[in-house]
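Have a look at the structure below, then the notes.
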Protein chains: 2
Amino acid sequence: MPTRAAGSDSGIQPGSALSIGDLANAAETKPVTIRYYERMGLLPVPPRTSSNYRAYSEVHLHRLRFIRRCRDLGFTLDQVEDLLQLSSDEHRDCTEVDRLAAAHLQAVEIKIADLTRLAEQLRQISRSCRGRRTIANCRIIEALSPL
Amino acid sequence: MPTRAAGSDSGIQPGSALSIGDLANAAETKPVTIRYYERMGLLPVPPRTSSNYRAYSEVHLHRLRFIRRCRDLGFTLDQVEDLLQLSSDEHRDCTEVDRLAAAHLQAVEIKIADLTRLAEQLRQISRSCRGRRTIANCRIIEALSPL
DNA sequence: CTTGACCCTATAGTTACTATAGGGTCTAGG
DNA sequence: CCTAGACCCTATAGTAACTATAGGGTCAAG
């Protein structure tokens, strides 16, 4: 926190809290994103220092890393919220988690298929444009133009 | 326009202008999207009827279809604007069009690669969750949690 | 005349951040 | 002690490409 030891690049002192910058670095994200997650309700509001700085604990770091991991895997914030909820209920059956992950995987696979088709169309369009031409007889422009 | 012939599903009358709804249907988009494109400067402002309705010509339809085709292929509106500009200059060399299309294809291919890696990660994570378990020992939650 | 489909403008919302503005706090170094 | 730079804070607007909502006007068939 507002007591950075020389040579310490994380700013974490034994037993002391994390500043938002430290938390951001530890979770490989940015302070502005953390504030956003707090506003969205994904991260609990942390205690403050006397100078009104946020003071985070390892619990926050753990939770933020979970959120970032989910985001990196493409889950929406709504889905992340669901996963957080599910993960906090230890006695709960985990088929819901299973279902969420499977649905998301399917959505990603569909997106891949869409993009693959799109790429093929683009290749076809580009393939028809060879050498130096003018716009007047540009095959790409032609392909983009309606009948 | 405000004179729909019975049985005519497009509302287009010989020699008459198109309403925004007719234009939207003909280009397989929505009136609200067309107004948006007009605001963004992609579509020229059309003349109006005495009742302040927009009155579109076939030229507008042609241009809108071009825009939609580009959008369907994933070009950003900025890129579409560039392509429109390029396409209107008939004597221009078309290497710029070529370059735009190639850059876009590459971006799509990169996105496919990203998503493919992501899908594989999701498969690995899901694969580790078999049968009915509780959250306490859910392998998916475990995989989402930091060390 | 009524009603439902369509038109109009203005503005805010969606998603997940991100930029900007304006001001306070901390600390190392001179 | 002062300064400067790095960091903190809140509030708000912006990004991309639409889309929803609110409130009001026009058209035409029944």
Side-chain angles (χ1 to χ4, degrees), chain A residues 1-13 16-25 27-43 45-56 64 67-68 70-81 107 111, chain B residues 1-13 16-25 27-43 45-56 64 67-68 70-82 104 107 111:
Chain A
M1 282 303 289
T3 310
R4 285 199 195 87
S8 164
D9 57 4
S10 73
I12 304 178
Q13 295 299 315
S16 69
L18 295 163
S19 71
I20 195 168
D22 297 333
L23 187 71
N25 287 331
E28 291 171 33
T29 187
K30 297 157 73 173
V32 70
T33 306
I34 295 172
R35 289 191 202 97
Y36 174 70
Y37 290 159
E38 180 186 305
R39 277 202 311 282
M40 291 297 109
L42 289 183
L43 277 178
V45 178
R48 299 286 182 121
T49 64
S50 55
S51 40
N52 203 32
Y53 283 22
R54 291 170 173 78
Y56 293 101
L64 181 58
I67 292 168
R68 293 308 315 163
C70 294
R71 286 293 305 124
D72 287 341
L73 289 171
F75 288 101
T76 63
L77 289 186
D78 271 353
Q79 288 169 327
V80 175
E81 196 159 11
K111 185 68 192 175
Chain B
M1 281 308 285
T3 311
R4 285 199 195 87
S8 166
D9 58 3
S10 74
I12 302 178
Q13 295 299 316
S16 69
L18 294 162
S19 69
I20 195 168
D22 298 332
L23 187 72
N25 287 331
E28 290 171 31
T29 186
K30 300 157 75 175
V32 71
T33 306
I34 295 172
R35 286 189 204 100
Y36 175 70
Y37 291 158
E38 182 186 306
R39 277 201 313 281
M40 293 297 109
L42 289 184
L43 277 179
V45 177
R48 299 284 182 124
T49 64
S50 55
S51 40
N52 202 30
Y53 284 21
R54 288 168 175 84
Y56 293 100
L64 181 59
I67 292 168
R68 292 308 314 164
C70 294
R71 287 292 305 126
D72 289 339
L73 289 171
F75 288 101
T76 64
L77 289 188
D78 271 355
Q79 289 170 326
V80 175
E81 196 157 13
D82 287 343
H104 182 48
K111 185 66 193 176

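Side chains are part of it too, since the values below use all heavy atoms of this structure and drop only hydrogens, waters and symmetry mates. Computed from a prediction, not measured in an experiment: that's the story for all the values here.
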Rounded to whole angstroms, how far apart are [atom1] on [X] and [atom2] on [N]?
X: B:L23; N: C:dC8; atom1: CG; atom2: P; result: 11 Å
X: B:N52; N: C:dT9; atom1: CG; atom2: C1'; result: 9 Å
X: A:E38; N: D:dC9; atom1: CD; atom2: C1'; result: 11 Å
X: A:I34; N: D:dC8; atom1: CD1; atom2: C1'; result: 13 Å
X: A:D22; N: C:dC26; atom1: CG; atom2: C1'; result: 13 Å
X: B:M40; N: D:dC18; atom1: CE; atom2: C1'; result: 10 Å
X: B:Y53; N: C:dC6; atom1: OH; atom2: C1'; result: 5 Å

Counting heavy atoms from C-beta on, name the nucleotide in C:dC8, D:dC8, D:dT10 closest to the side chain of A:R48.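 It is D:dT10.
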Which of the following nucleotides, C:dC8, C:dC26, C:dC7, is nearest to the side chain of B:S19?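 Closest of the options to the side chain of B:S19: C:dC7.
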If I compare all heavy atoms of A:G74 with all of A:Q79, which pair ends up nearest, and what's the gap? O-OE1, 4.4 Å
All N/O contacts under 3.5 Å from nucleotides 11-18 of chain C to the protein, with atom names and distances to one decimal?
from   : atom 1 : to    : atom 2 : distance (Å)
C:dA16 : OP1    : A:L77 : N      : 3.1
C:dA16 : O3'    : A:R71 : NH2    : 3.4
C:dA16 : N7     : A:Y36 : OH     : 3.3
C:dC17 : OP2    : A:Y37 : OH     : 3.1
C:dC17 : OP2    : A:R71 : NE     : 2.6

N/O (side chain, B:R54) to phosphate O (OP1/OP2, C:dC8) under 4.0 Å: yes
N or O in side chain of B:S51 less than 4.0 angstrom from D:dC27 OP1/OP2: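 Looking at the OP1 and OP2 atoms of D:dC27, one of them is under 4.0 Å from a side-chain N or O of B:S51.
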What's the separation between atom CG in A:L64 and atom CD in A:E38, rounded to the nearest 0.5 Å?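 Reported value, rounded in 0.5 Å steps: 11.5 Å.
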Separation between CD1 of A:I20 and OH of A:Y53, rounded to the nearest 0.5 Å: 11.5 Å
